[in-house]
Amino acid sequence: MTDAPLVLRERLLEAPWARDLAGPQVARVAKETLLVHHASGSVICREGEPALHWIGVIDGMVKVDTVSAEGRSTTFIGVSSGGWLGEGSLLKRERRHYEVVALRDSWIALVPLETFTWLFETSLTFNHFLVHQLNARLGQFVAVVESCRIQTTTAQVAVCLAGLFNRELSPQAPNVLKISHEELARLCGLSRQVAGRALHELEQAALVKMQYGVIRVLDVDALHAFARSGELHTDSSPARSRGLPSP
DNA sequence: TCATTAAACGCGT
DNA sequence: ACGCGTTTAATGA
């Protein structure tokens, strides 16, 4: 087992839910939270396992997915640095319904069930955070369903990409995503071909720039706007003139 | 018939 | 070894 660098422990306590806790609560979280490293592709928790931890992505990226009996798999969400997940099973005291897998080398925080429950029962701040997070995630899923039903595939990809940059759910997500077209396609529920075509359209619209295995988001706000409206303004469009005064 | 898909192939990093 | 464009063969609208 590798020891986590000190800077990661510090980052844990900078999490939005941890920042405003009282001193003794912070101390207990710091003492009881585990920091573990997961290599890309390794399973952080399995479907059907008892849920014993709340999961934080301190550095890296994970996906939440499921595999059907026939072996077909799909990804529900990706969670970037600064994101927290897995509270659903803890709150319901259920086994894990989904699998959590590291999409790249990641440092993962594991808050024990007992610690999580104690915060849930004693901290109003913590409860506010949970409500906020559940609300944000619900909004994200509604956006996915909406785009899936009434938008183009390009908009669907934008919604899924924007989801990785949700300021509430993954506050520290870097603008440079190390993710393959194949994984992004799984995340969007699209084929690799279609996801690739959509990414090129987003690139032409100057919302993203692609490199080998990397998607760099150039304009997070524009990506969110497109994800919301489904309206894509390419740079050839008159609506997007040069030399706008920018703040 | 046309579009879409997963798998295979091949080139480049 | 992996990422990604392309080809191919099967499937379905």
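Proteins get letters first, then strands, A, B, ... in listed order; numbering begins at 1 in each.
- Ring planes of A:Phe129 and A:Trp54: perpendicular class, angle over 60° (limits at 30 and 60°).
- Residue A:Lys178 has its side chain nearest to C:dG3 when only B:dT5, C:dG3, C:dG5 are considered.
- Donor-acceptor pairing under 3.5 Å is recorded for the side chains of A:Thr154 and A:Glu201.
- If you take CG of A:Leu199 and C1' of C:dG5, they are 13 Å apart, rounded to a whole angstrom.
- Ranked by how close their nearest DNA chain B nucleotide is to the 5' end, A:Arg72 and A:Tyr212 are led by A:Arg72.
- In this structure, A:Arg104 and A:Ile179 have side chains that are not in contact, with every pair of non-hydrogen atoms separated by 4.5 Å or more.
- Here the P atom of nucleotide C:dG3 and the CZ atom of A:Arg104 are 13 Å apart, to the nearest Å.
- One atom, CZ of A:Arg186, and another, C1' of C:dC4, lie 16 Å apart when rounded to the nearest Å.
- By the 4.5 Å heavy-atom criterion applied to side chains, A:Leu161 and A:Leu199 are counted as neighbours.
- Rounded to whole angstrom, the span from the CD atom of A:Glu182 across to the P atom of B:dA7 amounts to 9 Å.
- As rounded to whole Å, 17 Å separates atom C1' of C:dC4 from atom CG of A:Leu190.
- For the pair A:Leu184 CG and C:dC4 C1', the interatomic distance rounds to 13 Å; values are reported in whole Å.
- Checked for salt-bridge contact, A:Glu183 and A:Lys63 meet the test: a charged N lies under 4.0 Å from a carboxylate O.
- Taking 4.5 Å as the limit, some side-chain heavy atom of A:Arg137 sits within range of a side-chain heavy atom of A:Leu169.
- Note on A:Gln211: only backbone sugar-phosphate atoms sit closer than 4.0 angstrom, heavy atoms only; bases stay farther off.
- Atom pair A:His200:NE2 and C:dC4:P shows a separation of 9 Å (rounding to whole Å applied).
- The interatomic distance linking A:Ile179 (CD1) with C:dC2 (P) rounds to 16 Å, in whole Å.
- Separation of the A:Phe126 and A:Phe120 ring centroids does not fall under the 6.0 Å cut-off.
- The shortest distance between the side-chain N/O atoms of A:His181 and the OP1/OP2 oxygens of C:dG5 is below 4.0 Å.
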Shorter than 3.5 Å, N or O on both sides, protein versus nucleotides 6-13 of chain C: list them out with atom names.
none

